[in-house]
Amino acid sequence: MASLEDTRRKEFAVLATPAVLFVGAFCIAPLALLFLYSFYRVDFVAMVPDLNLRNYATVVTSETYRTLIGKAMLHGALVAGFTAVLAYPLAFFIAMRVKVYKAALLTALLIPLYTGDLVRIFAWRVVLGAEGILNTFLLWIGATEQPIMALLFSTGASLLVLTYNYLPFMVLAIWIALELLDRSLLEAAADLGAGRFRTFRHVVLPLTLPGVLVGALMVFALVIGDYLTPQLIGGSSGVTVISAIHDLFGAAFDWPLGGAIAWVLMAVLVTLIAALATLALRSRLGRALLRTR
Amino acid sequence: MADFGTSLDRRRFLKLCAAASAVTALPLATRPAQAKASAVYWLTWENLAKAEYLAPYLAAGGVPITKGFIGSDDEQFAKLRAGGGSEWDLITPGIDKAELYIASNLLQPLDLSKIPNAAHLYAPFKTSPLGKKDGKTYNIPFYWGINPIVYRADLMDKEPDWSTLFEGEKYKGRLAMRDYALEGIVISALYVGIPRDKLFKMGAKELAECKKALLAQKKLLRTYWNSIGDLTNLFASGEVVCAFSWVPPYYDLKARGLNMGMAKPKQGVIGWCDSLAIPAQSKPEGVEAAHALINYLLGPEYGKLLAVGGPYAQSTDIARSSLTDEQQERIFVKDLGVMDSFVWKENPANYGDWVRLWNEVKAS
Amino acid sequence: MERSESELSGDAGDEGAQSPLLVARNLTKDYGPVRAVRSVDFTLRHDSFVTILGPSGCGKTSILRMIGGFEAVSGGELTLDGVDITAVPANRRPVNTVFQQYALFPHLSVRDNVAFGLRMKGRTAEMAKRVDEALAIVRMEAMADRFPAQLSGGQQQRVALARAFVNQPRLLLLDEPLSALDRKMRKHMQIELKELRQRLGMTFFYVTHDQDEAFALSDWMIVMNHGVIEQQGAPQDIYRRPANAYVADFIGGANLVPVTVMAKRDGVAGADTPMGRIECPCAAGVAAGSTAFLCLRAEHLVLSPAATARAFDGVVTHVIFQGDSKIVEVEGAGRRLTLTAAGTDGVEPGSAVRVGFDDAHAWIVAG
Amino acid sequence: MERLLRSYVWALYGFVYLPVAVVVLFSLNDSDLIAFPLKGFTLRWYDDVLGDARLLGGLFNTFAVAIPVALVTTVLGGASALALTRHKSSFRLVLGLLVILPFFVPRMILAVSQVAFMHQLAITKSLLTVCIGQSLVILPFTTIIIASVLYRLDPALEEAASDLGASAWQRFRHVQLPLMKFGLMAACFIAFVLSSAEYTVSFFTSGRAQPLSILVASDFRFHLSPTLYALASLIVLFNIIVVVVSELLRRRGEGARK
């Protein structure tokens with residue numbers, strides 16, 4: 001006799017199996033193959049399956065790859081922070097102050113994505129360049145004597161455009177968290193004498209931090225994966241760990257080493273995210289939020 | 001009158017006979033071939049497959065071409081190496097990479113008897129070992145050129161050479177190099193004075209020398225450019241005044257009224273050549289069509305169109321005579337002797353080390 | 001579990017009043033390591049109003065959800081009309097539920113909400129008529145085309161009721177359905193519910209934490225605490241003869257005075273109290289020599305006793321005005337005791353009073 | 001405070017649309033260089049786009065990929081989201097991690113591994129492989145969006161449906177589906193946007209037929225043509241029209257209901 005639990009289990013299986021199979025077949029399996037390759041050795045254009053850890057040793061001992069992985073993490077974290085700060089007020093506005101045009105405002109945020117990465121990147125060059133819109137404006141108002149060269153082809157420029165690129169994702173994540181917020185809590189806070197700011201500081205912000213965190217993780221991962229923006233906007237130091245891997249896959253045909261760097265990168269990424277998630281869940285706020293569900 | 005009539009009749013008759021034999025001969029001639037392909041799939045660079053370049057081929061009844069576009073030479077190799085090449089009948093790799101493709105068994109040998117225009121290859125290409133293995137030809141040179149220095153003549157006081165790109169303090173922050181290990185390192189080698197015959201055979205010591213130069217150079221650069229469109233934009237927007245370049249920005253920007261200059265430094269200029277090759281898994285009817293297309297691409301119509309439009313030189317001299325001196329000059333075929341002075345790109349055996357070095361420089 | 005629905009739903013008339021409607025045996029529910037319901041047994045009769053009463057977290061909602069089929073049973077079994085329904089999914093149980101927050105489908109009109117169950121079972125022929133009838137019974141005919149968001153709490157409540165009973169379930173489950181209503185509405189709905197049940201002739205299984213509501217509605221009460229049933233029976237019996245101190249306190253908030261049981265025979269205990277020795281009926285579980293509680297209801301304590309047998313001195317600590325009567329809290333017999341009194345002018349905090357009661361109202365429960 | 005917030009929002013939208021404005025500006029500029037100074041007004045780039053069979057073919061391929069990708073990821077994401085939010089299975093965590101995993105794998109790495117893996121399985125690259133590759137990186141987005149909608153739905157509604165005799169399918173069809181409809185639509189829309197702009201995975205997994213993003217990238221390598229800016233402007237304009245029209249329809253629909 002099938003128990004109720006069996007029925008539930010069957011339902012869960014029916015819902016979950018397609019996605020699991022799909023991800024298993026086209027993500028896990030390919031990455032496993034890459035993992036296998038990472039222990040191979042390259043002999044000209046042949047990958048020789050003489051399994052050893054040399055590639056991992058290269059990654060760990062190479063200052064370049066260590067630096068690049070570190071830089072990826074740093075830039076990911078910085079952009080996640082910037083987008084969070086920029087996105088929050090907008091998400092708050094859309095969630096709390098807009099009634100009729102919510103969908104329109106959110107969609108409007110996504111429309112620029114349609115232009116395509118490259119088109120937008122080159123548009124930014126026109127904005128930030130030495131003879132670009134921003135510099136022309138700054139010269140015109142007399143804020144500067146010389147065009148500010150660092151507006152383009154610098155780490156800062158790259159971070160700016162990355163922030164721009166991933167802002168919509170952060171807005172969406174925070175907006176969802178704000179929409180999930182029980183509105184009566186705001187009334188309760190007001191009732192308890194909290195002003196707007198204090199309601200925000202002590203009620204809204206803590207309760208939507210999980211949304212910020214989700215957004216931050218998304219942006220973090222996206223920034224690490226983006227190599228076009230740093231390459232085309234970041235100037236001579238615009239190299240990223242991904243473009244280094246790219247070079248190893250393509251130019252140097254060293255898939256084993258590329259695979260090893262990729263796996264180290266993913267391991268660092270997963271460890272960081274797991275640590276962050278654990279920390280968040282263990283925190284007083286995290287525990288309190290978990291308990292309410 | 002009658003004679004005239006008879007002779008007319010005879011001529012008519014002969015004509016008819018010729019036509020009839022032609023009609024009967026046509027199927028005979030094509031019988032050995034497979035069913036004609038409905039399309040030939042060509043993976044290429046966008047600027048080589050412009051509709052107007054291919055129009056004569058199609059007008060002459062060539063198999064319709066479906067084009068795919070390459071991101072970069074390295075991406076092309078990675079993509080084919082990862083997933084074979086069964087989608088394509090014809091690919092366009094750099095000939096310096098040919099041995100990688102051949103060693104990876106990605107290509108099938110070409111049947112030169114189906115490419116009569118190959119007989120007109122320029123001598124250096126005919127004798128070059130690149131793209132050949134065990135007496136078979138896998139990659140046939142397609143078109144070639146040099147990568148010079150292009151600069152804004154209005155913003156520079158004298159013609160630059162490689163040293164400008166390494167020590168031109170005056171232009172600090174307005175110089176650019178291509179983001180490409182092979183060329184970047186060869187140029188540094190030319191600059192530090194590595195002998196020509198050792199350029200692609202550098203050991204650790206020479207590479208270390210290059211790295212030092214490249215590290216110093218990096219401080220002077222505005223950026224490493226990524227694509228020629230990218231660099232053209234950098235010149236046009238005044239970001240960069242002088243860069244290791246390809247030829248097109250010089251002509252493009254000159255045509256738009258900018259005072260551009262092109263320098264071919266005496267230390268040596270990198271010459272390159274892209275090839276045509278047929279992937280190993282291409283189907284027989286595709287192979288057939290690909291050979292026909294190759295022959296067209298090495299032929300006179302295409303050669304002229306490319307020389308005028310590109311401007312690039314194809315690998316055969318078949319169209320050369322139809323070009324004006326000026327057009328010949330533009331594609332460096334006026335004085336064929338210069339071809340010997342170019343540093344032709346090769347694939348270094350230790351290229352992995354080169355790429356790692358290049359990344360070290362960029363990441364420093 | 002392949003039983004046809006007709007077999008499950010049966011017909012109320014066939015089985016006679018003597019066979020029980022629902023039997024729960026050793027019913028247990030675990031949430032991970034937490035045991036919410038501990039091996040509980042109970043039986044529901046046909047045509048009755050049963051309330052299950054207890055503080056929040058006592059396991060009463062879990063029982064309802066197991067009967068409804070929303071939670072899997074961790075142990076024990078449930079039989080409905082003699083058929084084991086332990087593993088029957090919710091949608092195939094002849095049981096319907098009125099949810100605490102009503103759970104009306106926001107995207108469907110009132111009519112479609114009520115018609116939902118019939119439509120799911122494909123009973124479209126009779127649907128329109130039965131839906132109209134059900135809406136008429138809860139007097140919501142006029143609102144049939146509105147959406148739930150356009151209704152007041154009481155109206156939503158009625159729709160939720162109609163949506164459940166229109167399917168003629170064998171058993172109607174109600175999960176604190178009145179808790180979201182205001183007091184006046186609640187009183188009103190209590191009467192309606194009771195009438196509705198009589199009219200429909202179904203068994204209602206009603207979960208509440210409000211003892212007044214339980215008293216007002218039920219024919220049979222099940223009092224729960226910490227996952228076990230403390231007592232079940234008719235409301236009057238539970239009120240008069242609580243099984244233990246917990247029930248005595250939870251139901252009607254009895255005054256509990258600690259006493260020492262000296263002797264016990266035939267359900268009558270003799271105990272020493274601060275007011276002298278008493279002989280009175282006692283609950284099962286009271287043993288001679290043990291400490292137990294004398295259970296005195298507020299309404300049985302009187303101020304300035306003349307006719308009562310026993311009395312003790314006390315000091316008034318609080319007086320709460322209740323309209324026609326007052327609740328007076330007195331410190332006496334070593335305890336704070338609550339009593340209700342009418343027309344006691346001059347009683348105010350601090351005044352010394354004498355409190356009395358009649359032995360006939362005394363009842364002893366175990367500690 | 002409110003005014004400050006409002007001005008901030010306007011400023012941020014300005015920031016978001018700044019590059020778009022540049023794109024539109026240069027799509028109307030009568031020079032084929034994307035650089036100042038502006039030369040004058042022209043519509044010829046638009047004329048070029050509309051007459052460019054190659055770009056239109058690419059656009060067709062983009063749709064041929066984006067539509068199935070949007071549908072597949074919405075269905076798969078919807079199913080996973082239901083499993084994640086409606087079941088207490090111990091596999092839930094595993095499922096959640098699996099579904100978001102592709103998101104945390106840098107695309108280039110994923111794309112190259114996929115191509116190598118597909119090659120092992122002798123799968124020929126085609127628009128289908130592009131669909132598979134893209135669906136994988138888009139699945140996490142749709143799942144999160146739909147899950148966040150489901151998370152807000154009162155589970156009692158589904159219990160009520162079961163209670164009223166709805167089978168699992170009926171419960172889905174008559175309660176869950178109508179209630180998650182907007183979530184599904186939002187997910188589908190975002191999947192479509194992400195798919196049509198995707199480059200990295202598309203590049204590696206595509207065979208003969210290449211979506212627009214690859215053609216645009218390829219063109220950009222040789223020439224930053226205002227034609228492509230005109231194309232981008234047209235796409236943006238088209239989307240703005242879609243948004244405005246659907247917003248108007250929605251409001252009219254709501255008005256009619258009241």
Side-chain angles (χ1 to χ4, degrees), chain B residues 39-51 65-76 78-90 106 225-239 246 248-249 252-253 255-258 279 281 283 286 309-310 312, chain D residues 26 30-37 39 51-55 57-58 61 108-109 111-130 133 199-226 228:
Chain B
V40 52
Y41 296 91
W42 184 21
L43 184 64
T44 183
W45 297 97
E46 190 266 341
N47 64 333
L48 297 175
K50 291 187 177 158
I65 299 164
T66 301
K67 294 169 271 187
F69 297 109
I70 300 168
S72 78
D73 219 6
D74 295 336
E75 279 180 357
Q76 180 178 220
K79 200 175 155 174
L80 261 74
R81 183 66 179 74
S86 55
E87 301 84 21
W88 305 106
D89 298 321
L90 190 59
L106 289 171
W225 58 269
N226 243 276
S227 66
I228 203 62
D230 181 10
L231 181 62
T232 309
N233 179 256
L234 290 173
F235 279 127
S237 57
E239 296 290 336
W246 295 355
D252 279 1
L253 294 171
R256 297 196 172 86
L258 284 173
Q281 290 132 310
K283 307 267 179 315
Y312 289 116
Chain D
F26 281 96
D30 194 8
S31 156
D32 62 359
L33 292 178
I34 310 286
F36 287 108
K39 290 283 195 293
D52 191 329
R54 193 176 58 93
L55 288 180
N61 285 340
M108 213 271 306
I109 295 170
V112 171
S113 331
Q114 276 179 336
V115 172
F117 181 72
M118 287 170 180
H119 181 56
Q120 296 289 327
L121 298 184
I123 299 173
T124 311
K125 282 177 282 190
S126 64
L127 287 183
L128 178 68
T129 51
V130 180
Y199 170 73
T200 311
V201 170
S202 313
F203 175 79
F204 280 97
T205 52
S206 64
R208 290 168 175 170
Q210 295 177 326
L212 196 60
S213 57
I214 295 174
L215 300 184
V216 169
S218 186
D219 283 7
F220 259 53
R221 273 169 219 289
F222 291 95
H223 188 48
L224 304 181
S225 167
L228 300 175

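A, B, ... follow the sequence lines: proteins, then strands. Residue 1 opens every chain. Please read these numbers as outputs of a predicted model, since none were measured by experiment.
- Two residues are said to be in side-chain contact when any heavy atoms from C-beta on lie closer than 4.5 Å; Arg221(D) and Phe69(B) fail this criterion.
- Looking at heavy atoms from C-beta onward, Thr124(D) lies in side-chain contact with Glu87(B) at the 4.5 angstrom threshold.
- For Thr129(D), no part lies near chain B; criterion is any non-hydrogen pair under 4.5 Å.
- When each of Gly238(B), Ser237(B), Gly229(B), Pro248(B) is scored by its heavy-atom pairs under 4.5 Å with chain D, the top score falls to Gly229(B).
- Proximity to chain D is limited to the backbone of Asp230(B), based on heavy atoms less than 4.5 angstrom apart.
- In this structure, the separation between CD on Gln210(D) and CG on Leu43(B) is 6.5 Å, given to the nearest 0.5 Å.
- Heavy-atom pairs under 4.5 Å with chain B peak, among Ala217(D), Ser225(D), Ser206(D), Ser113(D), at Ser206(D).
- The line from CZ of Phe222(D) to CD1 of Ile228(B) is 8.5 Å long, rounded to the nearest 0.5 Å.
- Within the 4.5 angstrom heavy-atom criterion, only backbone atoms of Phe220(D) (N, CA, C, O) approach chain B.
- Legend: salt bridge (charged side-chain N to carboxylate O under 4.0 Å, His left out) pairs involving residues 207-220 of chain D, not counting sequence neighbours, sorted by first then second residue: Arg54(D)-Asp219(D).
- Listed by chain and number, the residues in a side-chain hydrogen bond (donor to acceptor under 3.5 Å, both in side chains) with Trp246(B) amount to none (sequence neighbours excluded).
- Neither the backbone nor the side chain of Leu231(B) comes within less than 4.5 Å of any heavy atom of chain D.
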